[in-house]
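Beneath this line is the structure, given in structure tokens, with notes to follow.
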Amino acid sequence: LQKGTPEDPAVTKESVHHYSKVVSGAPLIRPAWFFDVEQQGEGIVDVTTHLVDLVQWECFPEQIINESDIRITNARHWKTTLTPAQFQKVTNLTTYPDYLKKDVDGKGILGVYANGEINYQIKGINAKVSVIWNFEAPAGTGDTHFSIMKGSKANLIIRQGKEENYKPLLYIEPVNKDDKAFESDLKGVLAKVQAKYPGVDVERSGNVWTVVVPQEYHNGHEAHFGQVMEKYLEYLQNGNMPEWEVPNMITKYFVTTQALEIAREE
């Protein structure tokens, strides 16, 4: 893992979400309070929580991370705007509740601080996480995730765009395209992965490898919640919660809450 700089972070994670979407074949209706940051919270302390968690977990797995390991370079937030018609579409309400009127301009446009970006260092590694909320995704698309982790030998990149049919794919890009030993090194590491997850493979296209994951491992977002619950119940029953769990959780929320303060001061 490289250290990067604030201008060129070693780790970048971006999550794009949408207010208006179809879930299980029906339009998603949101409560009006979802658009009030005093009740729901700003985007910079909401979805970014998961991104900060991923940075900690992927960069320093099973290591204790303290507040002293964090230094926030800068943070910013900005609004997503909704017209009265858009607000009605996602809430089924024809008027704004009184508690939202403070966020409505003279033209009836609602502004929500749903977007945020945090640029920080974690144990000397420069990272950037950002969350973006748009009103609605283009037809045939949906929420997306982007990630890049820069190493001395390769960059690990997750893309979820049009070319990936909006399904997340992991790419491995060698830093040195003339590294003759890269492919054999990659295959050597891949064998260790295959021992635990049979069927996982890589496909080469030019100087980029795509990680191929068999369909049986695609158990879906909801199934992940079940896996997390099983792990939690294991900790609860056996009393064996890892020593890094509590300090890392405190540090995670330290990052997001400090970033919110900085963003509001800008």
Side-chain angles (χ1 to χ4, degrees), residues 1 11-18 21 23-24 28-31 33-34 37-70 72 114 116 118 120 122-123 125 127-133 142-149 156 158 160 167-170 192-200 211 213-260:
L1 184 62
V11 180
T12 298
K13 293 186 178 295
E14 179 183 278
S15 187
V16 180
H17 296 261
H18 304 88
K21 61 175 67 176
V23 177
S24 300
L28 180 64
I29 301 301
R30 300 183 185 273
W33 58 256
F34 187 82
V37 296
E38 293 184 2
Q39 299 185 65
Q40 160 69 13
E42 291 199 21
I44 200 171
V45 292
D46 181 12
V47 178
T48 53
T49 304
H50 305 298
L51 303 181
V52 172
D53 210 14
L54 285 170
V55 171
Q56 294 181 179
W57 177 56
E58 293 175 5
C59 294
F60 304 100
E62 299 185 6
Q63 296 182 40
I64 292 177
I65 302 168
N66 296 307
E67 294 177 20
S68 58
D69 294 318
I70 302 295
I72 298 178
I118 311 171
Y120 67 109
I122 172 172
K123 289 184 180 287
I125 302 298
K128 182 176 76 171
V129 298
S130 55
V131 58
I132 297 169
W133 278 84
D143 296 348
T144 59
H145 175 77
F146 170 80
S147 171
I148 181 169
M149 300 181 69
L156 304 179
I158 298 173
Q160 194 179 353
K167 304 292 184 182
L169 284 180
L170 172 61
K192 298 178 182 179
V193 176
Q194 291 170 332
K196 187 173 182 180
Y197 300 103
V200 172
V211 177
V213 180
Q215 189 59 39
E216 65 255 33
Y217 297 128
H218 290 271
N219 51 12
H221 188 60
E222 284 70 24
H224 291 164
F225 286 105
Q227 292 173 327
V228 171
M229 177 58 74
E230 288 177 4
K231 182 60 67 173
Y232 166 73
L233 292 175
E234 175 194 321
Y235 294 157
L236 186 65
Q237 182 175 3
N238 301 331
N240 62 341
M241 188 164 68
E243 61 179 357
W244 50 263
E245 181 71 42
V246 171
N248 288 19
M249 185 178 296
I250 292 172
T251 299
K252 173 176 66 176
Y253 288 114
F254 171 78
V255 172
T256 57
T257 54
Q258 291 295 303
L260 176 62

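Closest approach of I64 to N66, counting heavy atoms only: CG2-OD1, 3.7 Å. Considering every non-hydrogen atom in both Q160 and K167, the closest pair reads CG-C, 3.6 Å. Across H145 and L51, no two heavy atoms sit closer than the pair CE1-CD2, 3.9 Å. Among all heavy-atom pairs drawn from W133 and H18, the shortest one is CZ3-O, 3.5 Å.
Shown here is W244, whose CH2 atom has more than 12 heavy atoms of other residues, nucleotides or ligands within 6.0 Å. The number of heavy atoms from other shown groups lying within 6.0 Å of CD (E62) does not exceed 12. Other residues, nucleotides and ligands place more than 12 heavy atoms under 6.0 Å from the CZ atom of F34.
Side-chain contact of H17 with S15: a donor-acceptor pair under 3.5 Å is present, judged by distance alone.
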After noting the C-alpha distance and the side-chain angles of F60 and D69, does the key distance pass the side chain to side chain contact (heavy atoms under 4.5 Å, CB included) rule?
CA-CA 12 Å; F60 304 100; D69 294 318; over 6 Å; no
Working note: L1 + V11, criterion side chain to side chain contact (heavy atoms under 4.5 Å, CB included); need CA distance, chi angles, decisive distance, verdict.
CA-CA 9 Å; L1 184 62; V11 180; 4.1 Å; yes
Mind running side chain to side chain contact (heavy atoms under 4.5 Å, CB included) on T49 and D53 for me, showing each step along the way?
CA-CA 6 Å; T49 304; D53 210 14; 5.7 Å; no
Identify each donor-acceptor pair in which a side-chain atom of residues 227-235 lies under 3.5 Å from a protein atom, sequence neighbours left out, and give them as a table.
from, atom 1, to, atom 2, distance (Å)
K231, NZ, E234, OE1, 3.4

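Separation of atoms NZ (K252) and CD1 (I250) is listed at 11.0 Å; rounding is to 0.5 Å. The structure places CD1 of I148 at 11.0 Å from NZ of K128, a figure rounded to the nearest 0.5 Å. A distance of 5.5 Å separates CG of L170 from CD1 of I158, quoted to the nearest 0.5 Å. In this structure, OG1 on T251 lies 6.0 Å from CD on Q56, to the nearest 0.5 angstrom. Within the model, atoms NZ of K21 and CZ of R30 stand 5.5 Å from one another, a figure rounded to the nearest 0.5 Å. Taking OG of S130 as the reference point, atom NZ of K13 lies at 11.0 Å (rounded to 0.5 Å).
The backbone N or O of I65 sits less than 3.5 Å from a side-chain atom of N248, completing a donor-acceptor pair. Under the 3.5 Å distance criterion, the side-chain polar atoms of E67 are left unmatched by any main-chain donor or acceptor of F254.
Between Q40 and P31, the closest side-chain pair of non-hydrogen atoms is not below 4.5 Å. T144 has its side chain out of reach of F146: every pair of non-hydrogen atoms, C-beta onward, lies at least 4.5 Å apart.
The only option from V131, T256, I118 that meets the side-chain contact (heavy atoms from CB on, under 4.5 Å) definition with I44 turns out to be I118.
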